[in-house]
Amino acid sequence: MNGFDALYAKAQERIAVLSSLPSTKEESVEQMLEKRGIERRDFMKWAAAITAMLALPSQFTPLFAQAAKLADRLPLIWLHMAECTGCSESLIRSDAPTIDSLIFDYISLEYHETLMAAAGWQAEANLENAMKTYAGRYILLVEGGVPTAMNGQFLTLGAQAKTGLSLVQEAASNAAAIFSIGTCASFGGIQAAAPNPTGAKGVDKVVKQPVINVPGCPPSAENIVGTLMHFLLFGTLPALDLYSRPKWAYGNRIHDHCERRGHFDAGEFVESFGDDGAKDGWCLYKQGCKGPYTFNNCSTERFNQHTHWPIGAGHGCMGCSEPNFWDTMGPLEKPLQSHLIMGLNSTVDKIGTTLLTATVIGIGAHAVASLFMNSKEEKEEKES
Ligand code: FSX
Ligand code: SF4
Ligand code: F3S
């Protein structure tokens, strides 16, 4: 059996298992989408887009459609730690509900502090009930960094004043899979920035179980839903990079597929926000864009129903899906003065003169040279 056949068989088996579980919804996905004016054709297009995004052959499209129809068999518990709730907002905010957000609704969401109707003791009872009823079967999604200083006392929840730290550890112990949603849950995020008074950490630093990181401040709805869909269909973890990020989403640099890359290669840089280069969509490297050091798929998937993203809006990438970006990628609107590239701690000026380093970060020689000219005029003079 080749790799394709084995994966296909695994997905079919998984669908059979999910189908044998009782439904938790009164209506089917088709009925739910139809009520909201979404046609079957759009649903199939969505399944095709998920398949392509996960870098799988198109034969998997009908399987993803089937899996989405069984999404209510996947119990999900979403915990909030120290964060801004932007990750939830990224998923649910849009002028009209997207198929992504509708499928997320359709999943058996057992506990989510910002979305559920229950409050107070009833909410706590729901959580305890879900952890007991679905032990070993639920997916745990955590949003936010976990404060660990003073034994976790910087974050306490509910009438029992449990610490966030103990709650995450308790919920992780019986989860089928754990996803850290956002940079805070993945790496600590802004509350872990120096001097990190609360001792905030990523979830994988406080639990023993394996964790998939879906970073970004916030991550796109596509990266959240794609990670869930992958688990729904295969029941296993996707291929991960060194920081436990799914490779299908975080395998390439922002810089590799950036729409301004042609200007970078041509040495055409925005010299100050609002100048002619900015109006013409030139490269934002000199305005502090960290796209060359950042692994994420924003340049191809974008946000807000694939319409826009930070660089498209005219600001450089801040490196928000990288560990400790608040400490390592600043100042946000200036190029890095020093960056560790393959063990070489190079200053920007050295990058301009070191072919090796330039090759490592993929900067063309003429683009590098142009980085060190002070103005467009100077550049034109040199070219002439
Ligand atoms: Fe962190 Fe999520 Fe940034 Fe906010 O809550 S990743 S601060 S966008 O939203 O955790
Ligand atoms: Fe795009 Fe930034 Fe790379 Fe320029 S430096 S091409 S703006 S990612
Ligand atoms: Fe973040 Fe950069 Fe994407 S700032 S949202 S990784 S473009």
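One is the number of the first residue; the rest follow in order along the sequence. Counting starts at 1 for both ligands and their atoms, in listed order.
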Those atoms of ligand 2 less than 4.0 Å from some heavy atom in [X]:
X: I311; value: 2 (Fe), 8 (S)
X: G291; value: 8 (S)
X: C289; value: 2 (Fe), 5 (S), 7 (S), 8 (S)
X: R261; value: 6 (S)

Return the closest protein heavy atom for [atom] as residue, atom name and distance.
atom: atom 5 (O) of ligand 1; value: E143 OE2, 2.6 Å
atom: atom 1 (Fe) of ligand 1; value: C184 SG, 2.2 Å
atom: atom 4 (Fe) of ligand 1; value: C84 SG, 2.3 Å
atom: atom 2 (Fe) of ligand 1; value: C87 SG, 2.2 Å

With 2.8 Å as the limit, jot down which protein N, O or S atoms are around atom 1 (Fe) of ligand 3.
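The answer is C320 SG.
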Give the ring-plane orientation class for F234 versus H230, where under 30° counts as parallel, over 60° as perpendicular and anything between as tilted.
tilted
For L76 and L228, run side chain to side chain contact (heavy atoms under 4.5 Å, CB included): C-alpha distance rounded to whole Å, both residues' side-chain angles, the deciding distance at 0.1 Å, then the answer.
CA-CA 10 Å; L76 204 139; L228 278 171; 3.8 Å; yes
Considering both backbone and side-chain atoms of T183, is one of its nitrogen or oxygen atoms within less than 3.5 Å of a nitrogen or oxygen in ligand 1?
no
Are any of the N or O atoms of G86 closer than 3.5 Å to those of ligand 1?
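N/O-N/O distance under 3.5 Å: yes.
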Would you mind checking if [Y] and [X] are paired as a salt bridge, meaning a charged N to carboxylate O distance below 4.0 Å?
X: E39; Y: K45; answer: no
X: E170; Y: K162; answer: yes
X: K69; Y: E30; answer: yes

Distance in Å, C317 SG paired with N296 CG, rounded so as to fall on 0.5 Å steps
7.5 Å
Which ligand 1 atoms does G216 reach within 4.0 Å, using its non-hydrogen atoms?
6 (S)
Evaluate whether atom CD of Q59 has more than 12 neighbouring non-hydrogen atoms of other residues, nucleotides or ligands under 6.0 angstrom away.
yes
Going only through I, L, V, M, F, W and Y residues with side-chain contacts under 4.5 Å, is there a path from M229 to L70?
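In one cluster with M229: L70, yes.
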Side-chain heavy atoms of L91 within contact of V225, under 4.5 Å:
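They are in side-chain contact.
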I want to check something: taking the side chain as every heavy atom from C-beta on, are T294 and Y250 in contact at a cut-off of under 4.5 Å?
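Answer no - side chains too far apart.
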Answer yes or no for C217: is there an N/O/S atom below the 2.8 Å cut-off from atom 4 (Fe) of ligand 1?
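Under 2.8 Å: C217 has no N, O or S contact with atom 4 (Fe) of ligand 1.
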With a distance cut-off below 6.0 Å to the six-membered ring centre and an angular limit of 45° from the axis, does R14 pair with F231 as a cation-pi contact?
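Cation-pi check for R14 and F231: passes.
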For the residue pair Y106 and E27, what are the closest heavy atoms and their distance?
OH-O, 2.8 Å
